[in-house]
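Data block below; observations after.
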Amino acid sequence: MRFIFKTSYAQDIDLAKHGGQVFWYGLLCVLLLAAPWVVDEYWLAQLTFVLIYGVVGLGLMLLAGFTGQFSLGHAAFLGTGAYTQAVLANMGVPFPLAMLGAAALSAAAGVVVGLPALRLKGIYLGIATLSFGFIVEEIFARWESVTGGNSGLHVKSPQIFGWELGSGNGFYFLCLLVAVLCTLAILNLLRSPTGRAFVAIRDSEISAQSMGIHLARYKTMSFAISAALAGLGGALYAHKLSFISPDQFNILQSIDLLLLVVIGGLGSVHGAFLGAIFLISMPQLIALSKDWLPPVIGQAPGLQGLVYGLVLIAFVLFEPLGFYGRWLKIRTWLQLFPFYRRGLFKRQKSFTKSDRLR
């Protein structure tokens, strides 16, 4: 009995459920560490953007996927972190302290949005966050003495203990470290009572409140943590681009972030990074496909928006759980093969629809 108790307890505190996960995640870490010596500079930059958007996606996934709070203004938190990091870095504040300041100010902005939005749900909450995004974008454009206005703001290269990281290999490893730490933090948060409270609020606010969960406290906390992660991503984003302007944090950026979590897979940590890969790789694929399409279609100015819209509609209709949901189905099929039953996923899909309508 003692051995069984110790084994089950070790499984409860272990992030990896079995040895296979340890192997595959370890292999992924090795590949990511070796990336600067395997891929060229361009693809390393794209991989850096995937890590940055993955950090931001973790925050929005916590808010939308695990707490059920709809946000259409998340680019405002991204911009708050980016401008805070740029201003503090240009003032000579050490890089770690500047990042903490960016995360803290973004979290404060999340609390400002979260408190008035406590009584709002669904599309009304989306409209409230959208309005906040417009307000913040206007502040970025009008507060010229701090943000530089529409002329933009240059950002110094990050320095840690006198070592200038630039935007190459050193900065890539910094983004990788931040992404890993944020992922581990979110995984542990979701296993804690706070994370379980978030999930309970997402499933049913009435049931959560009946179990003694303080809705206002946990909703505000979810907004704050989500905004803090977006601020961290914004700080890295500002240094990667070395120049920021208000039009980089508009409604289109918010829609891209929402597209990231929906296509990646709502309610999954993996979905944040799968959606980031989609968000970064899709423009490249569209640019490559223009040569193969007829000129009337390939040279159309709104081709990227059209493709994004079609992909989003396709996922909502045929794969509402996103890329990660599709991977779960493939994994289940491989585990059950050759005893796979044809109606398995159809029953799962019908249950998902009925569960969504509760």
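Predicted model, so just to flag it, every value in this text is computed and none were measured.
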Taking only residues two or more places apart in sequence or in another chain, which ones pass ring pair (Phe, Tyr, Trp, His ring centres under 6.0 Å) with Y218? none

As an exercise, state the distance from CD1 of I277 to CD of Q46, rounded to the nearest 0.5 Å. 12.0 Å

Taking side chain as C-beta onward, heavy atoms only, is L176 less than 4.5 Å from V180? yes

Quick one: list whatever passes ring pair (Phe, Tyr, Trp, His ring centres under 6.0 Å) with F70, sequence neighbours left out. none

Test ring pair (Phe, Tyr, Trp, His ring centres under 6.0 Å) applied to F140 - qualifying residues, sequence neighbours left out: Y83

Can you find a heavy atom in the side chain of V87 that is under 4.5 Å from one in the side chain of L153? yes

Just grab all the ring pair (Phe, Tyr, Trp, His ring centres under 6.0 Å) pairs involving residues 251-270, residues at least two apart or on different chains. H270-Y324

Please collect all side chain to side chain donor-acceptor pair (under 3.5 Å) contacts where either partner lies in residues 26-38, sequence neighbours excluded, each pair once. none

Could you tell me if the side chain of I186 sits less than 4.5 Å from the side chain of L229, heavy atoms only? yes

Salt bridge (Lys or Arg N to Asp or Glu O under 4.0 Å) contacts touching residues 31-40 (sequence neighbours left out): none

Rounded at 0.5 Å granularity, tell me how far CD in E41 sits from OH in Y172. 14.0 Å

Among all residues two or more places apart in sequence or in another chain, which pass the ring pair (Phe, Tyr, Trp, His ring centres under 6.0 Å) test with Y124? none

Counting N and O atoms only, with roles assigned by atom type, does the side chain of T129 sit under 3.5 Å from a partner on the main chain of L72, one being a donor and the other an acceptor? yes

Counting C-beta onward and ignoring hydrogens, is there a side-chain heavy-atom pair between L63 and F223 closer than 4.5 Å? yes

Indicate yes or no: at least one non-hydrogen side-chain atom of L189 is less than 4.5 angstrom from one of I225. yes

Separation between SG (C182) and CG (L177), nearest 0.5 Å, reads 9.0 Å

Check: N150 and D247 side chains under 4.5 Å, non-hydrogen atoms: no

Main-chain N/O of S245 paired with Q248 side-chain donor or acceptor, under 3.5 Å: yes

For V199, the side-chain contact (heavy atoms from CB on, under 4.5 Å) test, sequence neighbours excluded, returns F66, R202, D203

Tell me the salt bridge (Lys or Arg N to Asp or Glu O under 4.0 Å) pairs involving residues 130-150, sequence neighbours left out? E138-R142

Please tabulate, for side-chain N and O atoms in residues 89-101, each donor-acceptor pair with protein atoms closer than 3.5 Å (sequence neighbours left out).
| residue | atom | partner | partner atom | Å |
| --- | --- | --- | --- | --- |
| N90 | OD1 | K156 | N | 3.3 |
| N90 | ND2 | A86 | O | 3.1 |
| N90 | ND2 | H154 | O | 2.9 |

Identified ring pair (Phe, Tyr, Trp, His ring centres under 6.0 Å) partner of F315 from the options Y308, F278, F323: F323

G81 backbone acceptor or donor facing S106 side chain under 3.5 Å: yes

From CG (L130) to CD1 (I135), nearest 0.5 Å: 10.0 Å

Heavy-atom closest contact (A179 atom, V55 atom, distance): CA-CG2, 3.7 Å

Between F77 and S226, is any pair of side-chain heavy atoms under 4.5 Å apart? no

Once rounded to the nearest 0.5 Å, what's the spacing between atom CG of L241 and atom CG of L236? 11.0 Å

For Q253, does its backbone N or O pair with a side-chain atom of N250 as donor and acceptor, under 3.5 Å? yes

Contacts of S145 that satisfy side-chain contact (heavy atoms from CB on, under 4.5 Å) - sequence neighbours left out: W143

Quick one: pull up OH in Y53 and SG in C175 and give me the separation to the nearest 0.5 Å. 12.5 Å

Test item: T67 side-chain N/O and F198 main-chain N/O as donor-acceptor pair under 3.5 Å: no

Below 3.5 Å, can you tabulate the donor-acceptor pairs from side chains in residues 208-216 to any protein atom, sequence neighbours excluded?
| residue | atom | partner | partner atom | Å |
| --- | --- | --- | --- | --- |
| S210 | OG | I206 | O | 3.4 |
| S210 | OG | S207 | O | 2.6 |
| H214 | ND1 | R217 | N | 3.1 |

Between L47 and V39, is any pair of side-chain heavy atoms under 4.5 Å apart? no

